[in-house]
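These notes concern the structure reproduced below.
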Amino acid sequence: MARDNYDAVITSPFGALGIHARDALTCIDFLPRGARPRPARTPLAREVGAQLRAYFSNPRHAFDLPIESDGSVYQERVWRALRAIPAGRVLSYGQLAAKLASGARAIGSACRANPVPIVVPCHRVIRAGGGLGGFMGSQAATQLAIKQWLLAHERSR
């Protein structure tokens, strides 16, 4: 699937989000600042945009969207566990690994492969001791600033 042929592009507090959502939500990409919004081309893309905006207004918003991913059985298991972490709470990679009888690095790899961040809240997994760890497969300042914003947003209510 072309990463630039989005069904919608919405603005967020930290930049634009590209959405692929036809029969199910398959991808949310963080786009560079300055990316232009694009109206939804499908009813589901419109609903995804509405639910993301609801989350940006209220971090306790519970997403109710059909998600389709092509993750491995293990990744799907981790992504289900991520959805069970309540807004405003965090787990370390090691804590989540212990819950799933896995390893912390494998948890990090599954988080990095998450195709629908925010909806599947991989940002709620941090380093032991409270460090942010990574986000979107990176420890670059731009990505970590988004993770930090999401965590602060969820703690604010």
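Because only heavy atoms are used, hydrogens play no part in the values below, and waters and symmetry mates are left out as well, while side chains stay in. Source: prediction; values computed, not measured. All residue numbers in this chain count up from 1 along the given sequence.
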**Message:** So, using side chain to side chain contact (heavy atoms under 4.5 Å, CB included) as the criterion, who are the partners of A140 when residues are at least two apart?
**Reply:** S138, Q143
**Request:** Applying side-chain hydrogen bond (donor to acceptor under 3.5 Å, both in side chains), name anything that partners E47, two or more places apart in sequence or on another chain.
**Result:** Q51
**Item:** Parallel, tilted or perpendicular: rings of F56 and H153 (30°, 60°)
**Value:** tilted
**Message:** Counting only heavy atoms from other residues, nucleotides and ligands, does the tally under 6.0 Å from CZ of R41 exceed 12?
**Reply:** yes
**Over 12 foreign heavy atoms within 6.0 Å of CZ, R105** = no
**Request:** May I ask you to test the Q95-K99 pair for a side-chain heavy-atom distance under 4.5 Å?
**Result:** no
**Asked** With a 4.5 Å heavy-atom cut-off, do I10 and V48 have their side chains touching?
**Response** no
**Item:** Of all pairs that satisfy ring-ring contact (aromatic ring centres under 6.0 Å, His included), the ones with a partner from residues 122-145, not counting sequence neighbours
**Value:** F30-F135
**Request:** Mark yes when over 12 heavy atoms from residues, nucleotides or ligands other than E68 sit less than 6.0 Å from its CD; otherwise mark no.
**Result:** no
**Item:** Which residues share a salt bridge (Lys or Arg N to Asp or Glu O under 4.0 Å) with R22, sequence neighbours left out
**Value:** D7
**Fill in**
Heavy-atom closest pair (K147 atom, L132 atom, distance to 0.1 Å) is NZ-O, 2.6 Å
**Message:** Looking at every non-hydrogen atom in both residues, tell me the closest pair between C111 and Y93 and how far apart they are.
**Reply:** SG-CE2, 4.5 Å
**Item:** Non-hydrogen side-chain atoms of S69 and V116 separated by less than 4.5 Å
**Value:** no
**Fill in**
Correct closest heavy-atom pair for A54 and H61 would be CB-ND1, 3.7 Å
**Prompt:** Do you know which two heavy atoms are closest between V120 and N114, and how far apart they sit?
**Reply:** O-ND2, 2.7 Å
**Request:** Kindly write out the residues that satisfy side chain to side chain contact (heavy atoms under 4.5 Å, CB included) with T142, not counting sequence neighbours, or none if the list is empty.
**Result:** none
**Prompt:** Should P121 and R83 count as side-chain neighbours, where that means a heavy-atom distance under 4.5 Å?
**Reply:** yes
**Item:** Point-to-point distance, once rounded to the nearest 0.5 Å, from CD1 of I118 to CZ of R124
**Value:** 10.5 Å
**Message:** Using 0.5 Å steps for rounding, measure from the CD1 atom of I107 to the CG atom of L91.
**Reply:** 10.0 Å
**Message:** Could you measure the distance from the CH2 atom of W149 to the OG atom of S156? Nearest 0.5 Å is fine.
**Reply:** 8.0 Å
**Prompt:** Say you draw a straight line from CZ of R53 to CG of L17; how long is it, rounded to the nearest 0.5 Å?
**Reply:** 10.0 Å
**Request:** Using side chain to side chain contact (heavy atoms under 4.5 Å, CB included) as the criterion, list what pairs up with V9, not counting sequence neighbours.
**Result:** Y6, A16, L31, R38
**Item:** Nearest-0.5 Å distance that lies between atom CZ in F63 and atom CG in L25
**Value:** 9.5 Å
**Item:** A97 to A104 - nearest heavy-atom pair and separation
**Value:** CB-N, 3.6 Å
**Asked** Has the side chain of R60 got a donor or acceptor atom that lies under 3.5 Å from a matching backbone atom of E154?
**Response** yes
**Message:** Does any part of the side chain of S12, heavy atoms only, come nearer than 4.5 Å to the side chain of L52, both counted from C-beta?
**Reply:** no
**Message:** Any non-hydrogen side-chain atom of F14 less than 4.5 Å from a side-chain atom of L150?
**Reply:** yes
**Message:** To the nearest 0.5 Å, what is the distance between CD1 on I28 and CD1 on I67?
**Reply:** 8.0 Å
**Complete:** Heavy-atom nearest pair, G133 first then L144, reads O-CD2, 3.3 Å
